[in-house]
Amino acid sequence: MNLQTILGNFALILFVAMVVTGVIWCLDVFYLAKKRRAAADAALAAYDARNAKATADGIKLDNGNRAAIEAAMLRQPTWIEYSGSFFPVIALVFVLRSFLWEPFKIPSSSMVPTLLVGDLILVNKYAYGIRLPIVNKKIIEVGNPQRGDVMVFKYPKDPSQDYIKRVIGVPGDKITYENKRLTVNGKPVEYQPMDDYLDDERPVYHKQYMEMLPNVKHRILTMEGRRTIDLGSVDNFPHRENCDYSYDKFTCIVPEGNYFMMGDNRDNSADSRYWGFVPDQNIVGKAILIWMNFGNLKRIGGIH
């Protein structure tokens, strides 16, 4: 694992920080604090003995220093104090983002119009099973991705990158994409024309349709003049033999333990058409909510 991969894996950084601060906290609670207490008791006993002797000799002393001595002896070193303060916070964040919910920011326009650049989304980490952090190994079955779900996953060609697309095909499905229309298991997907969509990034209009997948209906965009598939951009990905490409059409059979993903901005999305299937072990979670967009507060709401 190289440095770039480590830095790109925030969960690993968080885990290391939690372990380090946790070890320091436990060391202090079960050993160092007792050691400081014993040293303080010894110092106070010596102080009391000196005071008793001085009193017996008729010397009057100020006993206010006793509390100051005790406080100084029991005071945690700065590195232990900070570690003890950060540990519960880091542990809470680690548990929340590893097993429950994790925030993401949309970096590209591949999911327009469903998700816009700058949308801050919340991802359900347990919808598709409880997974061990870092290694992303599923340990408890909860559910599986369904057609139409918007899913975050580790990019198969570079697992240090998180991608977000829509699930089009589940294991065993036969997916055909011809003339920018989907057919799933021999059944053509229905499309309802909508008003053209004006691109926010440049003054270009896209064709907009309501796509009726078996489990959900959602908006998609296409561009006139663009080919259905750019054959020159298709990689030699695992299970490539499951796919058949031609000039304006392709057909793929989704292998077991894998999913076929596509962006809603169909002609501006690098997805399973080009780099292949998403293995189950790459799944991060299900996108469920846009919780903020600082440029457009009306964006806040559920994801469909």
_Listing request: all ring-ring contact (aromatic ring centres under 6.0 Å, His included) pairs with a residue in residues 195-230, at least two apart in sequence or in separate chains._
none

*side-chain hydrogen bond (donor to acceptor under 3.5 Å, both in side chains) partners of residues 249-262, not counting sequence neighbours, each pair once*: Thr176-Thr251

*asked:* Please list all pairs meeting salt bridge (charged side-chain N to carboxylate O under 4.0 Å, His left out) that have one or both residues in residues 125-140, counting only residues at least two apart or in different chains.
replied: Glu102-Lys125, Arg131-Asp280, Lys138-Glu141, Lys138-Asp280

*Quick one: which residue pairs count as a disulfide bond (SG atoms under 2.5 Å apart) with a foot in residues 117-214, not counting sequence neighbours?*
none

Exercise answer: donor-acceptor pairs, residues 77-91 side-chain atoms, under 3.5 Å, sequence neighbours excluded:
| unit_1 | atom_1 | unit_2 | atom_2 | d |
| --- | --- | --- | --- | --- |
| Ser83 | OG | Trp79 | O | 2.8 |
| Ser85 | OG | Glu81 | O | 3.0 |

*What pairs of residues pass the disulfide bond (SG atoms under 2.5 Å apart) test when at least one of them lies in residues 101-139, not counting sequence neighbours?*
none

*Hey, could you give me each pair passing ring-ring contact (aromatic ring centres under 6.0 Å, His included) that has a residue in residues 170-196? Not counting sequence neighbours.*
Tyr177-Phe250

*Sub-6.0 Å ring centroid separation between Phe15 and Phe94*: yes

*Which residue pairs pass the disulfide bond (SG atoms under 2.5 Å apart) test when at least one of the two sits in residues 201-270, sequence neighbours left out?*
Cys243-Cys252

*asked:* To the nearest 0.5 Å, what is the distance between CG on Leu100 and OH on Tyr126?
replied: 6.5 Å

*Which of these, Ile288, Leu289, Ile106, sits in a side-chain contact (heavy atoms from CB on, under 4.5 Å) with Ile121?*
Ile106

*With a 3.5 Å cut-off and no angle check, do the side chains of Asn265 and Ser110 form a donor-acceptor pair?*
no

*Which pairs with one or both residues in residues 208-220 pass salt bridge (charged side-chain N to carboxylate O under 4.0 Å, His left out), sequence neighbours excluded?*
Glu211-Arg266

*Would you please test Ile168 and Met261 for side chain to side chain contact (heavy atoms under 4.5 Å, CB included) and show each step?*
CA-CA 5 Å; Ile168 300 298; Met261 314 296 297; over 6 Å; no

_Qualifying side-chain hydrogen bond (donor to acceptor under 3.5 Å, both in side chains) pairs, either residue in residues 111-120, two or more places apart_ = Thr114-Arg166, Thr114-Asp264, Asp119-Asn293, Asp119-Arg299

*Output every pair passing salt bridge (charged side-chain N to carboxylate O under 4.0 Å, His left out) with a member in residues 230-240, not counting sequence neighbours, ordered by first then second residue.*
Lys157-Asp235

*Selection residues 28-37 - residue pairs positive for side-chain hydrogen bond (donor to acceptor under 3.5 Å, both in side chains), sequence neighbours left out*: Asp28-Arg36, Asp28-Gln76, Arg37-Asp41, Arg37-Glu70

*Please lay out, stage by stage, how Thr183 and Glu178 fare under the test side chain to side chain contact (heavy atoms under 4.5 Å, CB included).*
CA-CA 8 Å; Thr183 299; Glu178 182 176 10; over 6 Å; no

_Considering all heavy atoms, the nearest Val117-Pro107 contact_ = CG1-O, 4.1 Å

*Residue pair Asp149 / Gln146, side-chain donor-acceptor N/O under 3.5 Å*: no

